[in-house]
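Structure record follows, encoded as structure tokens.
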Amino acid sequence: MKLKAAVLFVGLTATLYGYGQSRSFVRSLDSNIAPVGNLYLLEGVDHRPLHKSDLDIPVDPLDIDQEKLNAALFLAINERRKRLHRSSLIYSPTLDILTFQYCSQLSRSKFNPSSANVKRMEKYLYLASRKVGFDLGYITAVTNRVKLMNYNGSKDYFYYSKDTDTDLHLFYGKRTDVRDSSKVLEPVPYHTYNSLARAIIKQSFRGKQARKLRIKQYSRMACWIYPIERSIDGRSIPEAKIMIVLGGSRLAEIEE
């Protein structure tokens with residue numbers, strides 16, 4: 001799903017905020033919702049192959065193939081779990097649509113990985129998942145924010161609006177470098193779909209939230225990387241909200 005399509009979808013939904021936002025989401029959720037699913041992650045006749053070359057192309061923050069990006073993150077998580085001798089998680093279209101709804105509706109501050117934010121989100125995700133028929137155990141969430149460009153956080157950068165060679169006009173260095181004819185301006189580079197997924201993995205598999213991605217308790221997963229619209233076309237490095245939702249215990253999977 002392209003960024004423009006996702007933004008259009010959000011434009012058709014009510015804008016909700018804070019604590020009441022989650023409660024309103026559960027109350028207004030259509031129990032007959034029919035998840036479309038990520039074609040890169042679906043099995044069977046609808047499956048769309050995802051080749052390594054597909055993941056080595058740059059991620060343009062102004063034109064993101066979110067279906068591909070979300071699939072890249074999903075596959076990278078399972079790859080890391082395999083290295084930790086954990087079984088692969090199964091893609092859930094139901095959790096996918098719930099994760100997208102939360103990413104599109106919750107404000108960026110709710111994606112700070114604080115205990116209060118995560119507990120509140122888990123509570124309402126659990127209620128929402130039951131409403132749409134997901135009954136395979138509990139729900140947990142991993143949240144954060146990520147830079148959409150391959151930015152070296154230790155370097156200064158500046159915005160140069162008169163640049164005509166790049167789309168985002170962001171360069172390493174200081175604004176005074178523009179007046180120095182001996183210097184070649186170095187644009188802040190784009191991520192590839194693969195490198196962005198791996199950057200998120202590195203960020204997610206550390207700290208208090210990391211345990212959720214390592215434990216054996218959950219069997220289903222969905223994830224969304226959703227651009228923060230006001231950071232696009234801005235004077236700073238564009239960001240996205242990250243949400244990874246896991247659900248379903250191994251016991252529930254056996255009993256299914």
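Worth knowing before you read on, the calculation uses all heavy atoms, side chains too, and leaves out hydrogens, waters and symmetry mates.
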Shortest non-hydrogen contact between Leu196 and Lys147, atoms and distance: CD1-O, 3.7 Å

Minimum heavy-atom separation for Leu89 to Arg220, with atom names? CD2-N, 4.3 Å

Applying the side chain to side chain donor-acceptor pair (under 3.5 Å) criterion to Arg198, which one of Glu79, His191, Gln203 satisfies it? Glu79

Taking [X] for the side chain and [Y] for the main chain, is one N or O donor matched with an acceptor at less than 3.5 Å?
| X | Y | value |
| --- | --- | --- |
| Tyr193 | Asp65 | yes |
| Glu67 | Tyr40 | no |
| Asp54 | His51 | yes |
| Asp177 | Lys174 | yes |

Once you measure the plane-to-plane angle for Phe100 and Trp224, does it fall in the parallel (<30°), tilted (30-60°) or perpendicular (>60°) bin? tilted

If only side-chain N and O atoms count, and only distance matters, is there a donor-acceptor pair under 3.5 Å linking Asp96 with Tyr91? yes

Heavy atoms from other residues, nucleotides or ligands near CZ of Arg83 exceed 12 (cutoff 6.0 Å): yes

Might you confirm whether atom CZ of Arg48 has over 12 heavy atoms from other residues, nucleotides or ligands at distances under 6.0 Å? yes

If you round to the nearest 0.5 Å, how far is NE2 of His169 from CZ of Phe171? 8.0 Å

Distance check, rounded to the nearest 0.5 Å: Thr99 atom OG1 versus Met221 atom CE? 10.0 Å

